[in-house]
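Accompanying notes for the structure given below.
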Amino acid sequence: MSPDVDPLDAVADAPTAAARLARVFDRVFTTEHVHRLERWIILLAVGGFALHLGLISIARNLDVGGSPLAQLDRNYLHALYTPFSFILFFEVLQLILAIPQSTTGSIQRQFEIVSLIVIRNVFKDISLFESFQVVRERFAEFADVLTDMGGGLLMFLLVAVFSDVRRRDARWRTPLREISPPVRDFILRKKATSLLLALLFIGLAAWNLGLWVVDVARTGSGAPPTIDVRTVFYVDLFTVMIFSDVLILLLSTLHSNDYRMVFRNAGFVACTILIRFSLTLEKPYDVGLGIVAMAFGILVLLVYHYFRRIGDPRAPSTLELPG
């Protein structure tokens with residue numbers, strides 16, 4: 001992804017609030033900065049993995065008494081959950097940075113994130129089963145792991161299908177040199193929205209990290225945990241994404257009220273809502289609803305392509321960038 005690829009030469013000539021925020025976005029989220037952040041995230045993932053393994057070793061071999069370590073899962077497999085959480089964090093950031101590029105790119109990122117959340121849960125839940133005997137005794141619970149594995153694999157396939165369908169839309173996307181001033185304004189507003197979402201994302205991450213630390217301290221003193229680490233933060237994130245998607249949908253109607261485009265974008269908002277609901281459901285409904293959201297998104301995009309084909313295929317998609 002290349003968030004510093006700027007087709008908007010008009011940014012410097014447009015002294016609006018959106019243009020100023022877009023300029024900040026371009027300066028902060030350059031390709032070099034994003035790659036540097038990616039390297040730091042990888043280092044943190046490796047460090048977190050090693051730290052988690054070390055804490056588990058301490059909890060297994062030493063008397064940790066009433067400390068928070070006493071509540072730590074003693075299975076080394078549980079440590080796999082930590083590096084995956086860092087990877088997922090970076091994927092969410094990439095989702096936010098993809099917003100100015102294309103609507104379909106943004107929704108694909110959302111699909112990727114929910115699939116990673118599902119497969120990440122496998123690493124957390126499988127740590128509860130240290131032997132085949134335990135699996136036999138608690139097979140009903142182990143079925144949840146199998147549900148996440150199968151559902152995650154199916155989601156992986158659906159993301160690939162959506163990506164393939166999305167590529168077929170390339171012939172209708174407007175070349176950068178042909179982007180009209182109204183569309184440039186729309187992209188400026190999307191960059192401004194993306195910058196504000198990035199700040200909110202960092203704030204949400206810090207807030208939920210603080211809540212988790214407090215919850216760990218309470219759990220160490222004997223109180224039951226109140227936070228589900230599998231969905232904490234991501235429920236709030238997708239709630240915010242619903243409203244940001246609606247905002248972008250409304251902004252798009254300022255420049256194009258084409259029925260096909262409006263319905264497609266509204267369908268994508270519905271996908272985001274379904275994903276948000278799926279994060280709060282019990283198994284297997286959470287995975288099932290996530291799969292329904294992806295399948296619905298694919299069908300919306302397929303019908304949109306068909307609608308364009310039976311209309312005027314020469315008419316460019318006025319609000320889509322290449323990629």
Side-chain angles (χ1 to χ4, degrees), residues 73 77-78 80-82 84-89 91-92 95-96 106-129 135 138-162 197 200-201 204-205 207-209 211-212 215-216 219 224-246 249 265-301:
D73 192 300
L77 290 176
H78 189 71
L80 298 173
Y81 187 80
T82 297
F84 223 83
S85 297
F86 282 101
I87 294 172
L88 189 53
F89 177 88
E91 285 291 325
V92 174
L95 160 65
I96 294 173
S106 177
I107 197 67
Q108 180 175 328
R109 284 288 182 185
Q110 292 186 36
F111 291 166
E112 292 172 358
I113 287 170
V114 73
S115 67
L116 288 174
I117 290 175
V118 169
I119 203 67
R120 185 187 65 160
N121 291 340
V122 173
F123 298 126
K124 176 176 174 56
D125 295 337
I126 204 170
S127 64
L128 301 175
F129 306 94
V135 172
R138 304 169 58 184
F139 187 79
E141 296 177 47
F142 188 72
D144 291 343
V145 178
L146 298 179
T147 298
D148 283 334
M149 292 175 65
L153 182 61
L154 181 55
M155 287 180 176
F156 189 35
L157 173 62
L158 292 176
V159 170
V161 173
F162 185 89
L197 279 176
L200 182 59
F201 166 65
L204 280 174
W207 173 257
N208 282 279
L209 178 61
L211 291 179
W212 177 78
D215 195 58
V216 168
T219 303
T226 59
I227 292 179
D228 186 353
V229 296
R230 292 174 299 181
T231 58
V232 65
F233 166 63
Y234 295 104
V235 173
D236 293 337
L237 172 70
F238 275 98
T239 300
V240 172
M241 289 304 303
I242 291 172
F243 293 105
S244 66
D245 287 348
V246 171
L249 171 62
N265 291 347
F268 289 161
V269 173
C271 291
T272 304
I273 294 174
L274 291 180
I275 290 172
R276 161 64 177 80
F277 287 159
S278 73
L279 296 176
T280 60
L281 295 177
E282 298 293 332
K283 286 183 176 42
Y285 304 107
D286 57 343
V287 176
L289 191 58
I291 291 172
V292 169
M294 292 184 178
F296 181 74
I298 292 171
L299 289 174
V300 166
L301 196 55

Start with the C-alpha gap between Ile273 and Arg276, add the side-chain angles, then the distance that decides, and say whether side-chain contact (heavy atoms from CB on, under 4.5 Å) holds. CA-CA 5 Å; Ile273 294 174; Arg276 161 64 177 80; 5.5 Å; no

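- Leu274 CG to Gln110 CD: the interatomic distance, rounded to the nearest 0.5 Å, is 11.0 Å.
- Summarising the geometry of Thr272 relative to Phe238, their closest heavy-atom pair is CG2-O, 4.0 Å, with the distance given to 0.1 Å.
- Phe162 is linked by a ring pair (Phe, Tyr, Trp, His ring centres under 6.0 Å) to Phe111, counting only residues two or more places apart in sequence or in another chain.
- Every residue two or more places apart in sequence or in another chain was checked for a ring pair (Phe, Tyr, Trp, His ring centres under 6.0 Å) with Phe243, and none qualifies.
- Listed here is the closest heavy atom pair of Ala293 and Cys271: O-SG, 3.3 Å.
- Atom-to-atom distance recorded for Lys283:NZ and Leu146:CG is 11.5 Å, nearest 0.5 angstrom.
- The two residues Ile242 and Val269 have their closest heavy-atom pair at O-CG1, 4.5 Å.
- No side-chain heavy atom of Met241 sits under 4.5 Å from any side-chain heavy atom of Ile275.
- Rounding to the nearest 0.5 angstrom, the gap separating the CG atom in Asp286 from the CG atom in Leu279 is 8.5 Å.
- Considering every non-hydrogen atom in both Met155 and Ile291, the closest pair reads CE-N, 3.8 Å.
- In this view, Ser115 satisfies the side chain to side chain donor-acceptor pair (under 3.5 Å) rule with no residue, not counting sequence neighbours.
- Looking at every heavy atom in both residues, Ala205 comes nearest to Phe89 through CB-CE1, 3.9 Å.
- Smallest separation of non-hydrogen atoms from Gly267 and Val300: CA-CG2, 4.4 Å.
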